[in-house]
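Counting convention: from 1, in listed order, for ligands and their atoms alike.
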Amino acid sequence: MAYENLLLSQKDTVLTITINRPDQLNALNKNTIEELNKALALADVNPEVRVIILTGSGEKAFVAGADIKEFAAFSVEEGRMLSRRGQKLLFDFVENMSKPVIAAVNGFALGGGLELAMSCHIRVASDNAKMGLPEVSLGVIPGYGGTQRLTQLVGKGKAMEMIATAGMIPATEALDWGLVNHVVPAAELIAKCEEIAGKITKNSPSAIASAYRAILSGFKKNAVGYEAEIKEFGLCFGTEDFKEGTGAFMEKRKPTFTGK
Ligand code: COA
């Protein structure tokens with residue numbers, strides 16, 4: 001199957017999916033989210049695939065976030081739908097896959113990019129990777145599960161600091177925080193992911209799927225948090241700060257927020 005924004009390659013039973021919009025730093029637009037859903041759904045039912053590696057094209061970015069240009073003019077209702085649909089098609093979808101998905105974080109993983117990496121089961125970063133949830137600098141909040149999954153991975157204190165400062169942390173700090181499992185030189189990133197995949201493919205696919213279902217079942221009680229995130233994300237689209245934040249990004253200037 002041919003995709004506009006994805007490249008697929010398979011080695012033995014390991015499928016690598018590369019998000020391929022390097023001139024837009026692999027930002028997740030509607031089409032890319034739909035294509036990822038399609039490719040992942042096919043991989044999930046394909047007996048020839050045991051592990052999936054997800055990465056970004058080019059040397060600069062894994063994914064620099066949701067596509068800001070695409071949603072800047074959205075209404076509150078469209079904002080809410082963007083979040084709900086994205087969570088269903090991609091972020092919850094990845095987390096609930098029956099096969100391990102390894103994020104090979106090869107550069108910037110910001111906003112929806114970090115949210116995508118956090119939806120994966122295992123994260124490996126290159127030493128030049130940078131991670132953050134910069135949404136509040138645009139007048140919006142993480143809407144693809146970031147308020148929930150970041151808190152699960154690094155704890156409430158660090159999550160509240162990272163989200164409110166909109167700051168980026170380097171890969172080594174992400175390793176200290178437990179946000180990624182390994183950091184390796186950029187040239188060794190895919191080899192490291194393939195090494196982990198090689199260990200996984202020796203084991204029982206059905207037992208791994210069972211173990212993942214069991215691990216995730218403990219987090220299901222947090223469903224209310226994801227709903228709250230969708231609602232709050234939508235509300236941001238009705239603020240002056242959102243118009244200022246996204247406008248400033250597109251005009252390549254610093255925003256001035258009023259809190260309205
Ligand atoms: N959505 C849409 N386009 C994006 C994007 C995003 N999230 N991130 C980057 N791009 C685009 C830029 O607009 C630019 O496009 P242009 O050449 O058509 O103007 C292109 O990708 C290259 O990005 P640029 O900003 O020129 O690269 P840089 O090296 O100067 O900065 C970043 C890199 C990642 C720091 C910067 O692109 C950035 O801050 N991106 C947004 C991150 C973000 O806020 N993500 C959360 C979204 S909710």
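Of the protein's non-hydrogen atoms, F249 CZ, 3.9 Å is the one closest to atom 5 (C) of ligand 1. Here the heavy atom of the protein found nearest to atom 16 (P) of ligand 1 is K69 NZ, 3.9 Å. In terms of protein heavy-atom proximity, atom 6 (C) of ligand 1 is closest to A66 O, 3.6 Å. Of the protein's heavy atoms, L110 CD1, 3.5 Å lies nearest to atom 34 (C) of ligand 1. The closest protein non-hydrogen atom to atom 1 (N) of ligand 1 is I68 N, 3.0 Å. Atom 44 (O) of ligand 1 has as its closest protein heavy atom P134 CG, 3.4 Å. Taking atom 33 (C) of ligand 1 as the reference point, the nearest protein heavy-atom neighbour is L25 CD1, 3.7 Å.
At a threshold of 4.0 Å, the pair E161-K158 does not count as salt-bridged, since none of the basic side-chain nitrogens sits closer than that to a carboxylate oxygen. The existence of a salt bridge linking E195 and K199 is confirmed by a sub-4.0 Å separation between a basic side-chain nitrogen and an acidic carboxylate oxygen. Between K30 and D67 no salt bridge is recorded (no basic side-chain N to carboxylate O distance below 4.0 Å). Using a 4.0 Å cut-off between charged nitrogen and carboxylate oxygen, R149 and E115 do not count as a salt-bridge pair.
Within the 4.0 Å cut-off (strictly below), a protein heavy atom is located near atom 23 (O) of ligand 1. Protein heavy atoms are found inside the 4.0 Å sphere centred on atom 18 (O) of ligand 1. Inside a 4.0 Å radius of atom 36 (C) of ligand 1 there is not any protein heavy atom.
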Checklist entry - Which is it for K38 and E34 under the salt bridge (charged side-chain N to carboxylate O under 4.0 Å, His left out) test, yes or no, and what are the steps along the way? => result CA-CA 6 Å; K38 223 175 266 171; E34 283 170 1; over 6 Å; no

Checklist entry - Are I169 and L179 close enough, and set up right, to give a side chain to side chain contact (heavy atoms under 4.5 Å, CB included), and what steps lead you there? => result CA-CA 10 Å; I169 58 169; L179 187 52; 4.2 Å; yes

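When non-hydrogen atoms are compared, ligand 1 lies under 4.0 Å from the side chain of K60 (C-beta onward) but not from its backbone. With a 4.0 Å cut-off on non-hydrogen atoms, Q24 touches ligand 1 through its backbone as well as its side chain. Residue contacts with ligand 1, taken as heavy atom pairs separated by less than 4.0 Å, involve A64 via backbone and side-chain atoms alike.
A donor-acceptor contact shorter than 3.5 Å links the side chain of H121 to the backbone of E95. For K99 (side chain) and N46 (main-chain N/O), a donor-acceptor pair under 3.5 Å exists by modelled atom type. Between the side chain of D241 and the backbone N or O of T258 there is at least one donor-acceptor pair closer than 3.5 Å. The main-chain N or O of G259 is never found under 3.5 Å from a side-chain atom of E240 such that the two would form a donor-acceptor pair.
Using 4.0 Å as the threshold, K252 has a heavy atom nearer than that to some atom of ligand 1. For D23, the closest heavy-atom approach to ligand 1 falls below 4.0 Å. Taking a 4.0 Å cut-off on heavy atoms, E70 fails to register as neighbouring ligand 1. Using a 4.0 Å cutoff on heavy atoms, G112 does not count as a contact of ligand 1.
Taking a cut-off of under 4.0 Å to the non-hydrogen atoms of E135, the atoms of ligand 1 that pass are 48 (S). Atom numbering of ligand 1 starts at 1 in the shown order; those under 4.0 Å from a heavy atom of D67 are 1 (N), 2 (C). Residue L138 has at least one heavy-atom neighbour below 4.0 Å for each of these atoms of ligand 1: 44 (O), 47 (C), 48 (S).
Residue D12 qualifies as open at atom CG: its count of foreign heavy atoms under 6.0 Å is 12 or below.
Side-chain atoms of N106 and N128, non-hydrogen and from C-beta on, never get closer than 4.5 Å to each other.
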